[in-house]
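To start, the structure under review is shown below, and the notes come after it.
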There are 2 protein chains.
Amino acid sequence: MLRDTETIVKEVLNIFSKYLEKQSHRKTPERFAILEEIYRRNDHFDAEALYIHMKNCNYRVSRATVYNTLELLVNCDLVKKHQFGKNLAQYEKSYGYMQHDHVICAHCGKVVEFCDPRVQQIKNLVADLLNFEITHHSLNLYGICGSCVKAEEFSSN
Amino acid sequence: MLRDTETIVKEVLNIFSKYLEKQSHRKTPERFAILEEIYRRNDHFDAEALYIHMKNCNYRVSRATVYNTLELLVNCDLVKKHQFGKNLAQYEKSYGYMQHDHVICAHCGKVVEFCDPRVQQIKNLVADLLNFEITHHSLNLYGICGSCVKAEEFSSN
DNA sequence: ATAGTTGCAAAAGCTTTGCAGTATG
DNA sequence: CATACTGCAAAGCTTTTGCAACTAT
């Protein structure tokens, strides 16, 4: 049974609050507002989109604070940061979500998530063989999604 | 038996030449000089480092040409482009190399290569399940390498 | 009270683009 | 000889930084 958004928002605000306390960081309204906005939205987003969205909601935040807060949220594992081949960081909320990786359509930009236990096996083996303490990973598959393939076939006929 | 650098350089220059011809692109001395420099060097590099290196070797090239040529080389599979978590593209020569992935040390920046057949299995399964034509992928593991772990233990004692 | 945070704007860093000149096919 | 390519410099974009004002503790 999936918990509703309100419950999740409460939980993450609480987790963030405890994290800030532990790290002796200040609990500013901006930080909580940004976290809340992230968890009320879906999908992947970049820093600029989040900033614009905050502005549209009449929050008075700066880009600097958005970047600052995103970094904190990444550090306490409430948000994941990705790079899907472009020079642009993409973020996504991660609390309560299963660990997953991404397939990206090079044509339409669509991002689809998937999960494969073999990724963990690879991490374990590499950590062992190469003597690394692996903290996280990034696996992106790039290609063309079904609908874009069809569109291509259509236009070439 | 590994072929020597000269042989490999000749082969890639030849491959690039044929690629340019096929695509009706011009065979300029700058393009070949850049390819040759890449294949005479090792490890990963970024566009700026390559540009500086060309300058030091008294080639008269511009950044624009470096970026332009790198894109061509990526397109004909002679060079691979990576993003190791930073907003900075890293490149590496790929001809004659086994397909591999990377482990990156978050402390010292060291990049180690590894190869695991399960990556291909994952690609096949995802292509099938999600109906994608996968063209390439990027798998990076991030962590701390053995020597950096030791250094940490040392400094905390 | 004091120092961590904020907003703003400027700067930084990587990459792309516009343009006039050059050289390839 | 037409035009793709080049160098150079400027612009573009994302992200970071400096600083004065503010505010959480």
Side-chain angles (χ1 to χ4, degrees), chain A residues 13 16-37 44-76 79 81-92 109, chain B residues 13 16-37 44-76 79 81-92 109:
Chain A
L13 287 176
F16 193 32
S17 178
K18 283 191 178 125
Y19 169 80
L20 292 174
E21 219 162 283
K22 203 182 206 170
Q23 302 284 316
S24 306
H25 286 141
R26 294 191 177 164
K27 300 179 188 176
T28 67
E30 292 81 4
R31 288 177 173 170
F32 290 113
I34 289 172
L35 175 56
E36 197 165 337
E37 274 312 304
H44 304 84
F45 57 91
D46 58 52
E48 184 66 15
L50 177 57
Y51 169 72
I52 297 294
H53 180 67
M54 299 295 293
K55 284 291 192 185
N56 287 345
C57 295
N58 292 317
Y59 283 105
R60 192 170 156 279
V61 287
S62 64
R63 261 177 268 263
T65 301
V66 168
Y67 279 101
N68 169 353
T69 304
L70 281 171
E71 191 181 333
L72 292 173
L73 291 172
V74 168
N75 286 342
C76 67
V79 165
K81 181 178 181 178
H82 302 289
Q83 300 240 178
F84 295 138
K86 313 264 174 241
N87 273 359
L88 169 70
Q90 304 254 109
Y91 300 85
E92 70 177 335
Chain B
L13 288 176
F16 193 32
S17 178
K18 282 190 177 126
Y19 169 79
L20 293 174
E21 219 162 282
K22 204 182 205 171
Q23 303 284 317
S24 306
H25 287 142
R26 292 190 179 166
K27 301 179 187 174
T28 68
E30 290 82 5
R31 288 176 174 171
F32 290 113
I34 289 171
L35 174 57
E36 197 164 338
E37 275 312 303
H44 304 83
F45 58 90
D46 57 52
E48 184 67 14
L50 178 57
Y51 170 72
I52 298 294
H53 180 67
M54 299 294 293
K55 284 290 193 185
N56 287 346
C57 295
N58 292 315
Y59 283 106
R60 191 171 157 279
V61 286
S62 64
R63 261 177 267 263
T65 301
V66 167
Y67 279 101
N68 169 354
T69 304
L70 280 171
E71 192 183 331
L72 293 173
L73 291 172
V74 168
N75 286 342
C76 67
V79 166
K81 182 178 180 177
H82 303 289
Q83 299 236 173
F84 295 138
K86 312 266 174 239
N87 272 359
L88 168 70
Q90 303 253 107
Y91 299 85
E92 70 177 335

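Just so you know, these numbers come straight off a predicted model, no measurement behind them. Protein chains get the first letters and strands the later ones, always in sequence-line order, with residue 1 at the start of each.
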What's the [atom1]-[atom2] distance between [X] and [N], to the nearest Å?
{"X": "B:Met54", "N": "D:dG7", "atom1": "CE", "atom2": "P", "result": "9 Å"}
{"X": "B:Leu20", "N": "C:dA23", "atom1": "CG", "atom2": "P", "result": "19 Å"}
{"X": "A:Gln23", "N": "D:dA24", "atom1": "CD", "atom2": "P", "result": "20 Å"}
{"X": "A:Arg60", "N": "D:dC22", "atom1": "CZ", "atom2": "P", "result": "9 Å"}
{"X": "B:Lys81", "N": "C:dC14", "atom1": "NZ", "atom2": "C1'", "result": "11 Å"}
{"X": "A:Lys86", "N": "C:dT16", "atom1": "NZ", "atom2": "C1'", "result": "13 Å"}
{"X": "B:Ile34", "N": "D:dG7", "atom1": "CD1", "atom2": "P", "result": "7 Å"}
{"X": "B:Phe32", "N": "C:dT24", "atom1": "CZ", "atom2": "C1'", "result": "12 Å"}

Ignoring hydrogens, what is the shortest heavy-atom contact between A:Leu13 and A:Glu36? Give both atom names and the distance.
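Smallest interatomic distance, heavy atoms only, reads CD1-OE1, 3.9 Å.
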Among [options], which nucleotide sits nearest the side chain of [X]?
{"X": "A:His25", "options": "C:dT24, D:dC8, C:dT5", "value": "C:dT5"}
{"X": "A:Leu88", "options": "C:dT15, C:dT24, D:dT15", "value": "D:dT15"}
{"X": "A:Lys27", "options": "D:dT15, D:dT25, C:dT17", "value": "D:dT25"}
{"X": "A:Pro29", "options": "D:dA24, C:dG7, D:dC8", "value": "D:dA24"}

So, does the side chain of A:Arg26 form a donor-acceptor pair with the base of C:dG4 at under 3.5 Å?
yes
Determine whether a donor-acceptor pair (one donor, one acceptor, N or O, separation below 3.5 Å) exists between the side chain of B:Arg63 and the base of C:dT15.
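No such pair is found, so the answer is no.
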First of B:Tyr51 and B:Arg31 reached from the 5' end of DNA chain D, by closest nucleotide:
B:Arg31
Quick one: on DNA chain D, does A:Thr28 or B:Leu72 contact a more 5' nucleotide (nearest heavy atom)?
B:Leu72
Does any non-hydrogen side-chain atom of B:Thr69 lie less than 4.5 Å from one of B:Glu30?
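B:Glu30 vs B:Thr69: side chains apart.
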Is there side-chain contact between A:Glu48 and A:Val66, with at least one heavy-atom pair below 4.5 Å?
no
C:dT15 phosphate, OP1 or OP2, under 4.0 Å from B:Tyr67 side-chain N/O
yes
Can you find a side chain N or O atom of A:Asn87 that sits less than 4.0 Å from OP1 or OP2 on D:dT14?
no
First of B:Glu48 and A:Val66 reached from the 5' end of DNA chain C, by closest nucleotide
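Counting from the 5' end, the first nearest nucleotide belongs to A:Val66.
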Could you check whether the rings of B:Tyr91 and B:Phe45 sit parallel, tilted or perpendicular, using 30° and 60° as the cut-offs?
parallel
Calculate, to the nearest 0.5 Å, the distance between atoms CG and OH belonging to B:Asn56 and B:Tyr51 respectively.
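B:Asn56 atom CG to B:Tyr51 atom OH measures 10.5 Å (nearest 0.5 Å).
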For B:Lys55, answer base if it contacts any base atom (sugar-phosphate contacts may also be present), sugar-phosphate if it contacts only those atoms, and nothing otherwise; contact means non-hydrogen atoms under 4.0 Å.
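Sugar-phosphate, backbone atoms only, no base.
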If you look at every strand shown and take non-hydrogen atoms under 4.0 Å, does B:Asn68 touch a base, only sugar-phosphate, or nothing?
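Sugar-phosphate contact only - B:Asn68 comes under 4.0 Å of backbone atoms but never of a base.
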Using distance alone, with no hydrogens and no angle criterion, decide if B:Glu92 and B:His44 have a side-chain donor and acceptor under 3.5 Å apart.
yes
